[in-house]
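Keep in mind the model is a prediction, meaning the values are calculated, not measured.
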Amino acid sequence: MIDIKLLNRDFDGVTQMLKRRNVDTQLLEELRSVHQVFKAVKQELESAQATQNEKSKLFGQYMKEKKDITELKAEVEANKLLITQKQELTRLEEEKLNTILTSIPNIPDEDVPVGEDEDENVEIKKVLEPKSFSFTPKEHWELAENGWIDFERGVKVAKSRFSVISGMGAKIERALVNFMLDFNAERGFGEVSVPVITNRASLMGTGQLPKFEEDLYKIEGEELYLIPTGEVPVTNLFQDEIIPLNELPIKMTAFTQCFRKEAGSAGRDTRGIIRQHQFPKVELVSITSAQQSDKVFQEMVECASDMLEALGLPYRQMQLCTGDMGFSAARTIDLEVWLPGQATYREISSISNTREVQARRAKIRYKDGKKNLLVHTLNGSSLAVGRTMVAIMENYQNENGSIDIPEVLKPYIK
RNA sequence: GGAGAAGUGGGUGAGUUGGCUGAAACCACAUCCCUGCUAAGGAUGCGUACCCUCACGGGUACCGAGAGUUCGAAUCUCUUCUUCUCCUCCA
């Protein structure tokens with residue numbers, strides 16, 4: 001949700017910035033005019049309410065002084081009607097306002113490259129040379145014949161895009177989670193364990209709702225949803241709070257399962273566990289002041305990057321262009337890991353600074369002296385665990401189909 | 001799941017025969033004064049959001065949430081959520 005005051009103050013500037021994300025200028029014009037109408041109507045409402053308060057006070061006086069109240073009563077009654085009308089009007093305008101407001105994506109940072117889609121993302125750097133194989137490297141689902149991943153049984157107990165990890169695969173998955181959490185802890189990210197089901201308010205707070213409902217699993221009969229990412233519960237931990245400045249930045253890490261319907265992804269990545277309805281992920285979330293946010297963003301990018309390096313997985317950093325960024329993000333850096341089986345880099349982490357956008361929705365503020373300011377919220381995967389396992393399988397495979405285990409994971413595997 | 005009790009500002013906690021209470025008091029906190037030594041005393045300020053105003057200042061809403069009764073509700077009614085206690089149940 002963008003800052004409506006900023007839009008009013010600098011309409012052309014905001015319009016320019018949002019144009020880079022293909023937001024229709026006309027929509028912004030409409031937003032501005034709806035806001036004007038809303039303010040006007042609300043003011044009329046408030047002045048009618050002020051009258052009502054005044055007259056009601058008089059009423060008490062008259063009663064005490066035993067004065068005649070029939071005239072006053074008539075006035076007050078008429079005014080009451082007016083209030084009801086204005087209330088209805090105000091409600092309608094506010095609804096319109098919110099509908100537009102919640103449908104506008106975040107303003108990209110000025111230095112974010114403009115582009116249509118992922119083809120125009122900009123590579124920042126490549127780290128670690130993909131190793132060359134003396135044989136044709138297999139894809140992870142072929143390697144999974146070693147028993148690490150059981151696709152059929154996943155489908156049996158649930159449906160397609162679910163799988164079962166077993167044996168050494170399961171041990172590695174668990175080792176990865178522990179390794180990641182420890183790694184993050186060392187860099188100052190405090191561990192939290194949170195609900196994987198959240199309410200509507202939380203999903204509104206981080207921007208998944210109202211626009212992306214079709215990709216969420218909803219609990220039948222309740223206003224509850226399975227989380228599509230740990231970002232939702234962790235960020236919303238501070239929903240509606242005012243945090244003292246000296247407690248910032250708050251840096252957290254959490255391991256959760258994530259659930260996505262993958263609506264609109266039919267036919268993509270149908271083999272393997274790259275795209276599942278349920279997947280484990282270790283998440284990083286930070287809550288910072290405006291001044292801290294760039295620095296912490298960098299720390300998060302480094303944290304995830306160094307983790308890949310520690311695991312010995314070749315990757316590249318990509319700066320997403322305006323067209324490829326998520327709805328709430330002002331800037332995003334994706335980490336893409338090298339998959340020898342596919343001979344391509346695939347997303348394994350995505351780190352975003354949403355600036356004030358989520359904070360405004362979730363009402364997360366901090367107190368700087370006497371002022372209450374919106375925090376900046378940042379989130380990023382500290383690697384998707386499933387995809388990390390895929391990367392390990394493919395990068396550490398031997399010709400006979402066996403898979404070596406990265407050094408850093410060995411202490412975690414008994 | 002069943003039966004009771006309760007939900008007020010950062011905290012404790014008044015207010016529940018409806019109007020003068022957005023809300024006493026105390027604590028905490030902030031600034032200033034006094035004092036002078038590791039403590040104390042005094043003054044003032046101290047919720048959130050939106051709107052009007054260059055500013056001083058003013059308006060509206062909010063006493064868990066939503067709806068209702070009323071000229072007027074923190075105070076009455078209904079719904080709902082949460083917490084606590086007692087059962088029941090359970091990893």
Side-chain angles (χ1 to χ4, degrees), chain A residues 1-9 31-102 193-205 209 218-219 221-225 233 236-248 250 256-257 287 356-375:
Chain A
M1 180 150 63
I2 62 162
D3 185 358
I4 184 86
K5 284 184 194 164
L6 179 67
L7 182 80
N8 286 329
R9 215 179 321 125
L31 176 60
R32 182 163 64 166
S33 76
V34 169
H35 187 229
Q36 291 308 323
V37 174
F38 167 71
K39 279 205 295 195
V41 175
K42 184 154 186 199
Q43 231 170 94
E44 287 168 26
L45 203 215
E46 288 186 355
S47 82
Q49 283 171 322
T51 308
Q52 193 76 349
N53 287 341
E54 226 171 278
K55 297 245 159 106
S56 289
K57 244 172 216 169
L58 269 183
F59 209 96
Q61 265 179 39
Y62 279 31
M63 297 278 275
K64 215 175 271 173
E65 296 165 13
K66 303 226 169 14
K67 285 207 223 165
D68 183 37
I69 54 166
T70 46
E71 197 178 322
L72 184 61
K73 188 157 184 168
E75 280 174 35
V76 135
E77 217 105 281
N79 193 52
K80 202 176 168 185
L81 221 71
L82 185 69
I83 289 180
T84 316
Q85 283 172 10
K86 297 291 179 195
Q87 261 170 348
E88 183 57 16
L89 254 176
T90 308
R91 201 186 57 74
L92 283 173
E93 289 304 321
E94 186 164 27
E95 217 174 88
K96 263 198 239 170
L97 187 67
N98 281 332
T99 305
I100 303 175
L101 224 38
T102 51
S193 177
V194 294
V196 294
I197 295 177
T198 64
N199 56 31
R200 242 189 120 72
S202 293
L203 287 151
M204 291 289 283
L209 288 178
K218 186 170 190 218
I219 309 284
E222 305 202 56
E223 284 294 291
L224 294 170
Y225 301 78
N236 279 290
L237 251 25
F238 294 90
Q239 189 188 118
D240 213 12
E241 292 193 25
I242 300 173
I243 305 165
L245 177 60
N246 60 32
E247 288 177 23
L248 298 179
I250 298 170
T256 68
Q257 296 285 345
I287 295 182
E356 292 182 349
V357 154
Q358 290 181 332
R360 184 170 294 110
R361 289 171 153 239
K363 298 193 181 66
I364 310 175
R365 290 152 293 173
Y366 67 100
K367 202 170 258 306
D368 187 0
K370 280 198 76 90
K371 280 182 303 192
N372 294 324
L373 303 169
L374 292 167
V375 299

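Between T90(A) and E93(A) the shortest side-chain heavy-atom distance does not fall below 4.5 Å. Taking the side chain as every heavy atom from C-beta outward, D240(A) and I364(A) never approach each other to under 4.5 Å.
Candidate nucleotides rC51(B), rA61(B), rA49(B) were compared by shortest atom distance to the side chain of Q49(A), and rA61(B) ranks first.
Comparing rG19(B) with rU85(B), their P atoms are spaced 35 Å from each other, to the whole Å. Look at the P atom in both rU79(B) and rG4(B): the space between them is 13 Å, to the nearest Å. Nucleotides rC37(B) and rC27(B) place their P atoms 26 Å apart, quoted to the nearest Å. Between rC63(B) and rA55(B), the two C1' atoms lie 33 Å apart (nearest whole Å). Of the C1' atoms belonging to rG22(B) and rU75(B), the separation is 14 Å, rounded to the nearest Å. Separating the P atom of rU80(B) from that of rA28(B) is a span of 42 Å, rounded to the nearest Å. With C1' as the reference atom, rC78(B) and rC26(B) are 36 Å apart, rounded to whole Å. Taking the P atoms as reference points, rC62(B) lies 24 Å from rA6(B), given to the whole Å.
Distance CD (Q87(A)) to P (rC62(B)): 10 Å, rounded to an integer number of Å. Rounded to an integer number of Å, the gap from CD of Q36(A) to P of rC51(B) is 11 Å. When rounded to the nearest whole Å, the span between CD1 of I364(A) and P of rA49(B) equals 14 Å. Across the protein-nucleic acid pair, I83(A) atom CD1 and rG59(B) atom P stand 16 Å apart, rounded to whole Å. Between the C1' atom of rG58(B) and the CD atom of Q43(A) lies a distance of 12 Å, rounded to the nearest Å. Between K39(A) atom NZ and rU53(B) atom P there is a gap of 9 Å when expressed in whole angstrom units. Atom-to-atom, CD1 of I4(A) to P of rC50(B) comes out at 12 Å; the value is rounded to the nearest Å. The CD-P distance, from E241(A) to rU48(B), rounds to 15 Å in whole Å.
rA23(B) makes up no base pair with any nucleotide shown, lacking Watson-Crick or G-U wobble contacts both under 3.5 Å. Within the shown strands, rU83(B) is the pairing partner of rA5(B) under the Watson-Crick or G-U definition, both distances less than 3.5 Å. Pairing of rC76(B), defined by two Watson-Crick or G-U wobble distances under 3.5 Å, is identified with rG68(B). With both pairing distances under 3.5 Å, rG45(B) is matched to rC29(B) as a Watson-Crick or G-U wobble pair.
As judged by a 4.0 angstrom heavy-atom cut-off over every strand, I242(A) is placed among residues touching the sugar-phosphate backbone only. Backbone-only contact: K5(A) has heavy atoms under 4.0 Å from sugar-phosphate atoms and none from a base. When heavy atoms are screened at a 4.0 angstrom cut-off, N79(A) is found touching no nucleic acid atom at all.
Partners of R360(A) by salt bridge (charged side-chain N to carboxylate O under 4.0 Å, His left out), not counting sequence neighbours, listed by chain and number: D3(A), E356(A).
A close approach under 4.0 Å does occur between a side-chain nitrogen or oxygen of R365(A) and OP1 or OP2 of rA49(B). Residue N53(A) places none of its side-chain N or O atoms closer than 4.0 Å to OP1 or OP2 of rG19(B).
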Validation: residues 39-49 of chain A side-chain donor-acceptor distances under 3.5 Å, sequence neighbours left out:
| from | atom 1 | to | atom 2 | distance (Å) |
| --- | --- | --- | --- | --- |
| E44(A) | OE1 | K86(A) | NZ | 2.6 |
| S47(A) | OG | E44(A) | O | 3.3 |

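Nucleotides of RNA chain B nearest to E46(A) and K42(A) differ in position, and the one nearer the 5' end is that of K42(A).
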Which parts of nucleotides 70-83 of chain B does protein reach within less than 4.0 Å, heavy atoms only, written one letter per nucleotide 5' to 3' as B for base, S for sugar-phosphate only and - for none? -BS-----------

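The two residues I287(A) and L248(A) have their closest heavy-atom pair at O-CD2, 3.6 Å. Between I4(A) and H35(A), the shortest heavy-atom distance links the atoms CG1-ND1, 3.5 Å.
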